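We're numbering straight along the sequence, starting at 1. Note that this is a predicted model, so its numbers are computed, not measured.
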Amino acid sequence: WRDDLALYGRALAVTRDNWMMRNNMGKALAARGERERAIAEYREALRIKPSFVLARYNLAGALAQAGREAEAGAEYRAALGYNPLDADLHIGLAGVLERQGDGAGALQHSRLALTLRPPGADLAGQLLSGPEPPTALVCCSDVQAAGAIEAARRMGRTVPGDVSVV
C-alpha cells in the first residue's frame, strides 16, 4: 500500500460497517490536517458502534481543535458514560470546560483525572516492569510518590517490602 489512507480505504471497500477502520481513517485524515473529513469518519465509526470510546475521544479532540467546544464537551461526556474511569477523557473535558469559562467543572474533572492516574504512576510502572527493576524510587513530590506506590501495588509489589518510595 502506498500509504495509510490507501490501506484504510481498501479495508473499507471490502468490509461493511468496519468501525475500527473508520476510526483509523479519521486519525490518518486528522494527521494530514483534514479535520472535517476526520470528524465525518469518527461519526461514521460511532454510527456503527456507539460504545467505541476511542472514536468518541478522537471526535471530541477534533471538535475541540475546530473550536466546537459544546460538541466536544458532549462527546467527552458521552464517552465518560461508557468509561467513567478514563483519565484522558476527564482531562479532555476539563480543557473544554476551562475554555468555556467553567473553572469549577474543569477543576473537578482535573482532580478526577489525577485521582485516576496520579503523576508518576506511568513512569514508575515502566521502571518497575523493566528487566532490572529498581528496589527504590525517589520522587520529587508527594503526588508523584502516591502515583509510584499505586503503580507498584498494581504490579503486585509491596511498599516498602519489594520497593521503597522516597
So which heavy atom on [X] is nearest to which on [Y], and how close?
X	Y	answer
A28	L5	CB-CD2, 3.6 Å
N18	L12	O-CD2, 3.9 Å
N23	F52	CB-CE2, 3.5 Å
L137	A148	CD1-CB, 4.0 Å
A38	A30	CB-N, 3.7 Å
A55	Y42	O-CB, 4.1 Å

- Query: In chain order, what residues pass the side-chain hydrogen bond (donor to acceptor under 3.5 Å, both in side chains) check against E150, with sequence neighbours excluded?
  - Reply: none
- Task: Evaluate whether atom CZ of R32 has more than 12 neighbouring non-hydrogen atoms of other residues, nucleotides or ligands under 6.0 angstrom away.
- Result: yes
Determine, using the 4.5 Å side-chain heavy-atom cutoff (strictly less than), whether [X] and [Y] are members of one ILVMFWY cluster.
X	Y	result
Y76	Y82	yes
L114	L93	no
L123	M155	yes
L127	V138	no
L7	W19	yes

- Is a donor on one side and an acceptor on the other found under 3.5 Å between the side chain of H90 and the backbone of Q108? no
Straight-line distance of [X] [atom1] to [Y] [atom2], nearest 0.5 Å:
X	Y	atom1	atom2	answer
R77	L97	CZ	CG	5.0 Å
E41	I39	CD	CD1	11.5 Å
R35	L29	CZ	CG	12.5 Å
T15	M20	OG1	CE	12.0 Å

- Item | Residues E44, M21; criterion side chain to side chain contact (heavy atoms under 4.5 Å, CB included); working and verdict | CA-CA 10 Å; E44 183 61 15; M21 284 303 113; over 6 Å; no
- Item | Pairs where residues 155-166 contributes a residue and the test side chain to side chain donor-acceptor pair (under 3.5 Å) is met, not counting sequence neighbours | T158-D162
- Task: Would you check if P50 and R56 make a side-chain contact, meaning some heavy-atom pair closer than 4.5 Å?
- Result: yes
- Task: Answer yes or no: is there a side-chain heavy-atom contact under 4.5 Å between L54 and K27?
- Result: no
- Salt bridge check: are D17 and K49 linked by an N-O gap of less than 4.0 Å? no
- Query: Taking only residues two or more places apart in sequence, or in another chain, which ones meet R99 in a salt bridge (charged side-chain N to carboxylate O under 4.0 Å, His left out)?
  - Reply: E69
